[in-house]
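Along the sequence shown, the residues carry numbers beginning at 1. All ligand and atom numbering here is 1-based and tracks the order in the structure.
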Amino acid sequence: MKALVYQGPYQMPLMDMQEPKPESEQVIIQVKAVGICGSDVHGFRGTTGRRMPPIIMGHEFSGVVSAVGTAVNEWKTGDRVVINPLLTCGVCASCLAGKPNTCQDRHCLGVDMHGAYASFVAVHRSMVHALPDEVTFAQGAMVEPLAVAMHAANITDFSLCEDVVIIGAGTIGLLTLLSVKMKGAGKVIQIDTDPHRLAFAESIGATHVINAAKTDAVQEVRALTGDKGADAVIEAVGISATANQSLYLVKNGGNVTWIGNSQPEIKINMQQIVTRELTLKGSYGFTSEFTTALAAIQQQIIDPMVLVEKEITLAEASNIIDDLARGKAQYIKVMVNI
Ligand SMILES: [Zn+2]
Ligand SMILES: [Zn+2]
């Protein structure tokens, strides 16, 4: 089979690989659609330290069952499916508390197990969900990022019509915009430095957009919120500058959620958190939001396909990821059809 194999910074050639064979509890998926995630692009640059070569990336995907292990009786060849890329133990305190996203023995397809930039991928039976007939494979590949955004919106406390700032207008930032609007936010102010992304945010419902490269975002948010700051801020970039900025954008006693995950160590102003009694939360992955996201797409409550600006083949993916990593291409979401 063909697969994109990450071999080190800026190296991910299309290679011939052996097709995976199912272990007893595994299902082999013939990949039909896989989204290119910003975290894969960061991983491709070799800066985040989470993806170690050699690895096949790709964790946002759907497909068709092509083989099942001897113990698997709930899936059969030909079933349309969508995959939850998180493999969790099911028995640790986090799993038992219904928070498998913080499982103590957590693995993720395409991060520390071979993922879906390939014709076939082996997954544990517990990761497989049925893809309803009316949901396309490409829509199925958007379930995972939508679930990530919905989780951040779910765990961020704000009341109806309160003001929310979202820093970052990439895929997750924009899906978070759709999610906080669904949850009942008032003003939703999106901050980025890329005019294309900001225009996109406005086109899908941001009430205000701020280009932080051109204006002082803190001053502008204060002006938009009666000088108090936003009720809640969600950071979807994951670097020092924006993590710090999130503290200055929120009101005293407000809620800040960090979902961006790019720079491992950052420097922040601790006194802002202590003396203004801010609540700071991390948001990672999702729990029940995977099935919520799938249902929201099936019921046409949300159409995440509005973010897909380019559809490509697996053979084209290596060059596109290289272009995205070098800033030569600016697509919000690229979908690989296999
Ligand atoms: Zn992702
Ligand atoms: Zn666990």
SG (C103) to the Zn ion (ligand 2) to SG (C89) angle, given to the nearest 10 degrees: 110°

Rounded to 10 degrees, the angle SG of C95 makes with SG of C92 at the Zn ion (ligand 2):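 So the angle at the metal works out to 110°.
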
With T171, the side chain to side chain contact (heavy atoms under 4.5 Å, CB included) member among I36, V334, I332: I332

Distance-only donor-acceptor check, side chains S24 and Q26, under 3.5 Å: no

Salt bridge flag under 4.0 Å for residues D40 and R51: yes

Lys/Arg-Asp/Glu bridge criterion (N-O < 4.0 Å) met for E309, K333: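 Here E309 does not pair with K333 in a salt bridge, since their nearest N and O are not under 4.0 Å apart.
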
Note, F61 side chain near V123 side chain (heavy atom, < 4.5 Å): yes

Side chain to side chain, F120 and M17, heavy atoms closer than 4.5 Å: no

Under 3.5 Å donor-acceptor, Y248 side chain and A217 backbone: no

Atoms named by residue and atom, protein N, O or S, within reach of the Zn ion (ligand 1) (under 2.8 Å): C37 SG, H59 NE2, E60 OE2

